[in-house]
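Here's the structure, in structure tokens; my notes come after.
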Amino acid sequence: MRCEQGQDLPPHVLIMPYPSLGHLNPMLNLAHLFCLSDFHVTFIISDFNHRRLLEHTTVLDAFARYPGFEFRALPDGLPDDHPRAGERTMEIIFSIEKVTVPLFKKMMVHENFLGGAARRRVTCLVTDAMSFAPEFAREHQLPLILFQTGSAAYSWSHFCFPQLLQAQEIPFRGEMDELVKSVSGMEGFLRRRDLPSHYRVDDVNDPILQGVIERLTVKEANIFNTCEDLEGPIVAEILKHVPRIFSIGPIHEQIKSRLTEKKADVSIIKANLWAEDQSCIEWLDAQPPKSVIYVSFGSITLMTREQVLEFWHGLLNSSQRFLWVIRPDSIIGNEGNDQVLEELMESSKEKGLLVEWAPQEKVLNHPAVGGFLTHSGWNSTLESITTGTPMICWPYFADQTINSRLVSEVWKIGLDIKDTCDRLIIENAVRDLMEVRKEEFLKKAKNMAKLVKKSVSKGGSSYTNMDDLLQFIKSLII
Ligand code: UDX
């Protein structure tokens with residue numbers, strides 16, 4: 001039974017993200033947007049991430065200015081030294097299901113769904129990739145909103161799973177460059193190799209593939225971190241299957257736009273699990289305009305030593321300046337041993353700077369940065385687009401393989417070097433982006449940035465959709 005107390009209280013949104021940085025940040029931005037409309041928000045976070053936020057950021061203080069906002073930390077069930085990255089993703093998912101979800105359910109029931117004198121019982125649950133959510137929501141008659149933190153193209157490729165199966169396009173047989181026919185709206189450019197990496201299986205009953213499809217094809221209301229100018233036609237396809245969609249992205253710009261409008265402090269509330277090395281900004285200040293390629297593969301990519309060395313040779317041979325983020329835990333087999341990094345640092349001094357974690361949005365906004373060599377994580381892709389920065393895409397897994405195809409073939413603001421790791425290919429791509437085709441890419445990227453920023457300003461499609469989302473949630477109050 002839903003509680004009807006506190007009719008005069010604002011909506012109360014319960015947000016539960018998958019506990020990795022790429023999910024945490026857009027969900028925090030969403031929470032911030034709700035706070036700006038005076039909604040109450042309870043935000044579930046893993047205690048591991050909570051501790052690291054306390055250690056490396058002011059996120060907790062920043063949200064303290066909103067009395068209606070509350071963090072609730074729950075254990076993720078993993079030991080502190082678990083890498084929580086790369087191929088270990090399934091261990092995180094299993095642990096959440098085994099440890100976090102039962103505690104979450106208990107807390108919800110025990111605390112009467114977090115209602116009280118000053119807060120109404122939760123109005124709706126917003127989650128991204130939690131398989132327990134649909135059943136839990138149904139059982140408790142709790143409206144569910146799925147936040148798709150990846151691209152719409154990524155989601156659409158999951159909704160098309162039955163069609164891909166029926167047409168026997170999966171499992172793949174033969175050429176990876178063959179065009180895929182069963183993902184409507186993308187027939188002209190989507191190759192097998194561009195489908196999300198979990199489609200690369202021999203058996204379509206593969207539990208990882210099945211798990212992703214189950215978690216990300218929820219037909220209740222969906223929020224997309226995208227906009228009309230980026231993925232309008234794809235969202236139109238999804239609308240045929242999911243009638244209630246709110247495309248409110250890029251959400252990191254939507255929040256800035258709304259804060260500016262309120263003349264509030266626009267310094268973004270951004271989660272970080274590592275300390276940002278600000279010295280790279282000073283280094284960038286000393287470089288010529290658009291001369292530096294920024295290199296970063298996000299928060300969970302793992303690389304072998306061989307791959308790191310191929311990139312290092314490729315970058316050095318390109319003769320371009322570079323700023324490269326190498327997380328200390330990102331090189332496989334390098335645990336606790338910084339020798340590779342030290343050697344790279346020493347021999348790259350003249351042209352490049354290596355840091356362990358950078359203030360990425362500040363870096364991308366810096367006038368010295370002219371390109372981004374990225375793993376095509378959706379947040380990085382959006383941050384690159386909104387700063388008008390052309391990309392070289394080296395996708396690692398999941399949605400990144402499809403995001404990179406959008407960059408190179410649909411928006412034409414960069415190059416895609418997926419499924420290769422070769423110093424010559426890297427060198428040529430860097431030269432192409434930073435020298436040979438520099439003006440062409442910069443012009444297109446700048447134009448795209450303008451369109452996308454317009455979509456999150458008053459009157460723009462994402463801005464209007466955000467208003468609709470707020471109204472929709474208000475309408476859920478009974
Ligand atoms: C993952 C997936 O890869 C992504 O595609 C999915 O949609 C969400 O989860 P991640 O691999 O970490 O996330 O990549 P990305 O989505 O790009 O997020 C990385 C975030 O870390 C970005 O917001 C970026 O600004 C930030 N970052 C990265 C820094 O702040 N500093 C750095 O040095 C590197």
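Hydrogens, waters and symmetry mates play no part in the numbers below; they use all other heavy atoms, side chains included. Being a predicted model, the structure only gives us computed values, none of them experimental. Note that ligands are numbered from 1 as they come in the structure, with each ligand's atoms numbered from 1 the same way.
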Residue, atom and distance of the protein heavy atom nearest atom 13 (O) of ligand 1 read G22 CA, 3.5 Å
In ligand 1, the atoms that come under 4.0 Å of a heavy atom of N272 are 30 (O)
Answer yes when E276 and K270 have at least one side-chain N-carboxylate O distance shorter than 4.0 Å, and no when they do not. no
shortest atom 10 (P) of ligand 1-to-protein heavy-atom contact is with H375 NE2, 3.5 Å
Ligand 1 atoms nearer than 4.0 angstrom to some heavy atom of H23 are 8 (C), 9 (O)
The reported gap from CG in D128 to OG1 in T149 (rounded to nearest 0.5 angstrom) is 5.0 Å
>> Looking at ligand 1, is there an atom of it that comes within less than 4.0 Å of some heavy atom belonging to W324?
In response: no
Ligand 1 atoms nearer than 4.0 angstrom to some heavy atom of G377 are 3 (O), 4 (C), 5 (O), 14 (O), 15 (P), 16 (O), 17 (O)
Is the H32-F63 ring centre distance short of 6.0 angstrom?
yes
Can T57 and N272 be counted as having a side-chain donor-acceptor contact under 3.5 angstrom? no
R65, CZ atom: more than 12 neighbouring heavy atoms under 6.0 Å: yes
Rounded to the nearest 0.5 Å, the CH2 atom of W156 sits from the CE atom of M186 at a distance of 10.5 Å
Item checked: Side chain proximity check, R258 to L33, heavy atoms < 4.5 angstrom -> yes
Quiz prompt | Mutual orientation of the aromatic rings belonging to F39 and F34 [parallel < 30°, tilted 30-60°, perpendicular > 60°] | solution = parallel
protein heavy-atom neighbour closest to atom 31 (N) of ligand 1 works out as A358 O, 2.6 Å
| contact_flag A398 ligand 1 heavy-atom lt 4.0 Å | no
Min over S20, S380, P395, S151 of heavy-atom distance to atom 17 (O) of ligand 1 lands on S380
Nearest non-hydrogen contact to atom 4 (C) of ligand 1 from the set Y294, W378, Y396, F397 belongs to W378
heavy-atom search around atom 27 (N) of ligand 1 in the protein gives W357 CZ2, 3.3 Å
Any N/O pair N25/ligand 1 closer than 3.5 Å = no
Does a salt bridge link R84 with D76, judged by any charged N lying under 4.0 Å from a carboxylate O? yes
Heavy-atom proximity to atom 25 (O) of ligand 1, picking from K270, Q148, E361, points to K270
min-distance protein heavy atom vs atom 16 (O) of ligand 1 -> N379 ND2, 2.8 Å
A student comparing V363, D399, T149 should find that the heavy atom closest to atom 6 (C) of ligand 1 comes from D399
Counting from 1 in the order shown, the ligand 1 atoms closer than 4.0 Å to a non-hydrogen atom of L21 are 21 (O)
Tested for side-chain hydrogen bond (donor to acceptor under 3.5 Å, both in side chains) against Y463, the lone hit among K454, Q254, E261 is E261
